[in-house]
Structure formats: structure tokens, C-alpha cells
2 protein chains.
Amino acid sequence: MVKLTDVAKLAGVSATTVSRVINNYGSLSQHTKDKVFAAMQELNYQPNSLARSLQGKETKLIGVIFPSVSNPFFGELVSLLESHLFAKGYKVILCNSAENKEKERAYLQMLIANQVDGIIAGAHNLGIAEYERVGLPIISFDRALSNTIPIVSSDNYTGGALATEALLKAGAKKIVILSGINQPNSPTTERLNGYADTLKAADLQPITAEIDFHTAANIKALKIHQLLVDQKPDGVFCTDDLSALLLINEAQKLGLAIPTDLQVVGYDGTKLIQDYHPELTTIMQPIDDIATLLIDLLLQRIKDHHVALQPRYQLPVKLINGQTTR
Amino acid sequence: MVKLTDVAKLAGVSATTVSRVINNYGSLSQHTKDKVFAAMQELNYQPNSLARSLQGKETKLIGVIFPSVSNPFFGELVSLLESHLFAKGYKVILCNSAENKEKERAYLQMLIANQVDGIIAGAHNLGIAEYERVGLPIISFDRALSNTIPIVSSDNYTGGALATEALLKAGAKKIVILSGINQPNSPTTERLNGYADTLKAADLQPITAEIDFHTAANIKALKIHQLLVDQKPDGVFCTDDLSALLLINEAQKLGLAIPTDLQVVGYDGTKLIQDYHPELTTIMQPIDDIATLLIDLLLQRIKDHHVALQPRYQLPVKLINGQTTR
DNA sequence: GTGAAAGCGCTAACAC
DNA sequence: GTGTTAGCGCTTTCAC
């Protein structure tokens, strides 16, 4: 491992001088700079960022906690977070919480131990207290972590309303919402609220079906099948696109024509869905804007831990009309 | 930031003793241990892993370089790598190379600067020399990085052969392969070889269509459309599942019935495809085994930088029969 | 069984 | 414009 003193020795200067050259700091003669650069080249020198950060400098490491990048939505979001952070000189430590309390706790500890500059979290199985005691800049995506942690999300309420309106306008009368388990305080529950309020305004009864987000696809399909049989809806708002795909598949097995017998609206509108299932009517979250905002806020907090931020930031969603609605 | 000396002070012992307790090292009285643990609890102490690694200890950091986790295949693979590595006490620095030479180079530099213990790479745009001079344990997935870097991949040749046989057995006579750009030395090119050899054995002519893997989906769809019009194949082997989806879609637009007029076989067989497109006949790569093996080999290299490893490790693939073949 | 002191690779006063 | 020195938080000889 080649170190700063090796460079100094080769260039015939002190360690300080090399450090100054690396950090472009203080006043240096061009001649010295050249000598040092040459030595760095020759030795293929890379400053040890561990040693550097030990002085209390930033580590330029950001912890990114999401359920799993195997889910296309999180895959796309994490991918965008990574590229934007890279562009700003930060590196990502990837933490897939897998909805596992112990793992999430261990990751939080680990991120502290690794002195990350901040955390972006879109998963939570832990109590608020545990997030508060972390004492690091944190910004959350779509989750209520604590009162002091800002939440970025798409405008879930409007999204739910838009989806429901689309179904109503297309003539659906018996509209079911299929969602994950709705936690009372969770931002995503607002999709349900938007749905319910819109239906009520049209004098229709909300019908709620909840299937845990992490249920295996085949089990989920079974439950969806039963839902279609039991409820015989003519419109379903699925709060994620993958469930919508499953539902369409089950509907076809039951001989239901889409959108004639049954209309479907999804939620998320990832690139994957837009590219490979353009037929699906869905609510598109502005993933890129979400990534950009999450990072923007986090970097503000990193720069100034006490900067005042809003408790909530809601980004506008968009209805994408496909062929699963009329 | 609470540090080791704070714990020492509170416990009324020396820093050395605390260090010994943390590392469970040397001989300590139970009484001392208890005192120290209590102090650690009370202060919610987390050893600073930067300081620790500065002594030359492992950082327990692994760099993971892939094109992008927004691609479901890489998303699933990275997700598995992450969970297996976590279970072994390692953390993942996520590097999405985005098929960008400069970014990949910068990432390599950065990983060195951050003193990662090793690298798993499934992307390459750089010359072999650059990978060789990294001087860190590296294991590659599906790419020829250098002679000294072991490659893990699925059995691409057999995969190509299996896919082609499936089409042949189902009666296809004009079988096209649709792949990315085939680099002469790349392991994935063996899918083409398996295809070509199988066709030749049946006295049929290989017909090759190459579309760069990173082409945007809509452009790719256009090219596929043209391919179907120009060649009028009755069987296509797509070397990735997403392209197969696109092809099926374009075929339907052209009024081609599947599998009657046209049969299709994909490649990858991710969980996503199995769950949401079980109709697709495809070659399944053993993603979990790939992840496990990559990690196993890497950890061997980390433990002993000079351990002898094979140049190639090929994991068996499996044909999954769907309804896109007869 | 425990502590003092040196040092990991680097940066930052403070000198000159 | 450049060097000397101390120190970041931790581990590790070497003592006792």
C-alpha cells in the first residue's frame, strides 16, 4: 500500500506539502506541485480515505436503506440515488432491510460505526426512538420515521383520487382498492384516503382489500383470485403495479375481459412498467424527482445539521392512460 | 461522538482494556468485562470502524460493480449478494457503472481509496490492465476482466443449446438469435455458440441479430419489429427475458400468434419473470448459486490473496417450459 | 489481569 | 512557500 509519505519521499518534500497538493490548499509553487503530481502518478497513489475521514472530515458515504433492490421500483429509485450521489462525490452503502427488524437495527448500528455522512431510508420496522437516537442526518421516503425526520413522497392522496376518478369516469360502479397493509400513520395510507373520499363524493361505497406487500407472488395471486370471485368488482385500484399485473392475469384466467368486464389502475409507473406494460393504466410517481429531492434535502442537513426543513414534501403524480381502463 | 476513551473513563479502566473487551482478546476478569459492557450500553457506544481499519484491519467493505440495479436481473443478483454478504458481516458499496468507462474507472479508484476488502464486478468497459493494477481481490460475473480474475457465470453454452433445442423440438425451422453485441471473448457470447452449434447439427443456418443491450426499450422494439418483418422467423431465442417480452409484444402487433406462428425462448429466468410472466419459456440462471459462489470465491481470495482459483466457474442452467413454445 | 506508549495514514495549527 | 509537530480513535507491542 503506497502512502502519502512515500510520495513525499519520492518528490523530495514533506508530507504536509503532499497533503496540500492533494487538497489544493495553501500556497504552493508550481514547481513543487508538478514534482508531487509526478510522484503520485509514478506510484499510482490513492489517498487513504479512512485516514482522511478520521480527522473528522466527511466520509462521503451515504447509507441507503430500502426493503430490496430486487423490487423494480426500489431498484430504479436506488439506481437513481446512486447516480446522483456519485455525481456529487458520494458513495452508497446499500442496505436491503428485507423488512427485517433485526437487520434494520444492525444496519443502523453499522452505518454509525462506518461514520456515514447521512442516511436515506425507505423502510421501517423499528420504533421511532431508534431512529431518533441515531443522531445522523436522515431523510425518509414514504415512511414516518420520527417527527424530526423529513418525509419525501409522491402526492399519495391525489394519486389515489386520480386513480379512482379514472375508474369512475370510465363507468366503473363497484370499485375495489387493493393495497398493502395500511398503517395508520403511513404516507402510503393516503392513497386509500384519496380513493375513499373520491368514491364517497360519488356516493359509492369503498371496498378495501389488504394484502401484505411482501407476500410471495403466488400467494398474492391466490388471494386476488378469491377477491375477484367474492367481490366481482368492475374496477380495481391496485396501489402498486406488480399487484395490478397479477390481478390482470387472474382476471384473464376467470375469463374476464379487460377493460370491458373489469378495469384496472396501478400505481408507481416505473420505467420497467412503462416499457414492458404500456397497456397498464397507472399513476406515475416522479422517481427521478424523488431521488433528486431526497438527496438535496439530505445534503442540506449534512451541511447544517440544524437546517429547518419541512416535515413533508409531496411531489406531484401523473395519470398514465393505458388500455386497462376505458 | 462517543469514543473508546469515554467508555474507558466511565468504566474506570484504560483504553486498552476496553479495546480488549470489544475484541474479546487477551485475559480479562469477568468483573472488568461487566463494567465495560455496562459503560458501553450506557453511552450507546459504537466503535469507529474507520479508526479500526486504519491499523490495517479489514474494512469489511465490498465493492459491487454492475451496470445498474434498475435492471431486474442485476437488481435480484445485487440483492442476493447484499444479503449473503451481510450475513457474513460485510457491507456493500454499490457501484452502478452505467456502462460508462469514466464512471467505472472513478469507482475503481474510489474503492481503492476506501480500502474495500474486495470487489465483485459484472460490468466492464475498461482495459484489462486497469483491472490488474487494482491489486485487490476481484471476482467477475460473466465478464472477462483479466487472466488473473476468476469468472463466475451460468453455463452459457448449454443455455444457448437448450434454448435452441427447445425451439427445434417444437418444430421451428427458421430460428433467429437475438442478442446483445457479441464481444469475441465474452462469456455471454457462448450463448451464441451453443445456439449456432445446435442449429448446424440440425442442418439449419444460424441467423444472428444483435442489438446493444443498453438500447432504450422503444428503440429496441422498433428494431425487433423490423427483424420480424424482414426475417419472418418461426422461432426466436432472445438472450435476455426483457427483450423476449418486447419481441412477443411486437409479434402480437403484427398479428402473429404465439406459439403457433412464432415461438420464443428467453434467458435469465429471474424471480420477476417467473412470477409475472410464467408464460415465457426461458433459460433460468441460478442467481442464488451465482451470488453464493461469487462471495465464496471472493472471501477465499480475501483470506489468502494468492489462493489458487480456477479461471472459470460455470453453474448449470435450467429450461423452464412456458407457453411461448409448443 | 491490566496499563503506558507508540503508531496506523493523514490533516492542521503553528512556526519560520 | 514549506516543514515540524501533534493528534484523529483505535489496536498492539511491551511492560508490570
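All heavy atoms count here, side chains included; hydrogens, waters and symmetry mates do not. In what follows, every chain begins at residue 1, and chains take the letters A, B, ... in the order their sequences are listed.
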Q) 5'-most contact on DNA chain D: B/Arg52 or B/Arg20, nearest heavy atom basis? A) B/Arg52
Q: Rounded to the nearest angstrom, tell me the gap between atom CD in A/Gln115 and atom P in D/dC8.
A: 14 Å
Q: Return yes if the base of C/dA12 and the side-chain atoms of A/Ser19 contain a donor-acceptor N/O pair under 3.5 Å, otherwise no.
A: no
Q: Please report the C-alpha distance between B/Thr16 and B/Ser19 in whole Å, then the side-chain angles of each, then the deciding distance to 0.1 Å, and finally whether the side-chain hydrogen bond (donor to acceptor under 3.5 Å, both in side chains) criterion is met.
A: CA-CA 5 Å; B/Thr16 315; B/Ser19 175; over 6 Å; no
Q: Tell me, please, whether A/Tyr45 has A/Lys3 positioned over its six-membered ring: NZ or CZ under 6.0 Å from the ring centre and within 45 degrees of its axis?
A: no
Q. Which distance, rounded to the nearest 0.5 Å, do you find between the CG of B/Asn96 and the OG of A/Ser79?
A. 4.5 Å
**Q.** B/Ser14 side-chain proximity, nearest of D/dT11, C/dG3, C/dG9
**A.** C/dG3
Q: Round to the nearest Å and state the distance from B/Leu4 atom CG to D/dG9 atom C1'.
A: 7 Å
Q: Determine yes or no for a side-chain-to-main-chain donor-acceptor pair under 3.5 angstrom, with A/Thr189 supplying the side chain and A/Gln183 the backbone.
A: yes
Q) Of the nucleotides C/dA12, D/dT2, D/dG9, which one has an atom closest to the side chain of B/Gln55? A) D/dG9
Q) Please give, in whole Å, the distance from C/dC10 P to A/Lys9 NZ? A) 12 Å
Q) What distance do B/Leu4 atom CG and B/Gln46 atom CD have between them, rounded to the nearest 0.5 Å? A) 12.5 Å
**Q.** Whole angstrom value for the distance that separates C1' of D/dC10 from CG of A/Asn48
**A.** 14 Å
(Q) Is there a side-chain contact between B/Tyr25 and the phosphate of D/dC10, meaning an N or O under 4.0 Å from OP1 or OP2? (A) no
Q: Would you mind classifying the nucleic acid contact of A/Val18 as base, sugar-phosphate or nothing, using non-hydrogen atoms under 4.0 angstrom?
A: nothing
Q: Take atom CG of A/Leu54 and atom C1' of D/dC10, then tell me their distance rounded to the nearest Å.
A: 8 Å
Q: Would you kindly give the NZ-to-C1' distance between B/Lys57 and C/dG9, to the nearest whole Å?
A: 17 Å
Q) Between residues 27-43 of chain A and DNA chain D, which residues have a heavy-atom gap below 4.0 Å? A) A/Ser27, A/Leu28, A/Ser29, A/Thr32
Q. Would a distance-only check, ignoring hydrogens and angles, find a side-chain to backbone donor-acceptor pair under 3.5 Å from B/Asp117 to B/Ile62?
A. no
Q) Would you say D/dT11 has OP1 or OP2 under 4.0 Å from some side-chain N or O of B/Asn23? A) yes
Q | Separation of D/dT11 C1' from B/Glu58 CD (nearest whole Å) | A | 15 Å
Q | Donor-acceptor under 3.5 Å (A/Asp142 side chain, A/Ser153 main chain) | A | no
Q: Could you check how far CD1 of A/Ile112 sits from P of D/dG9, rounded to whole Å?
A: 16 Å
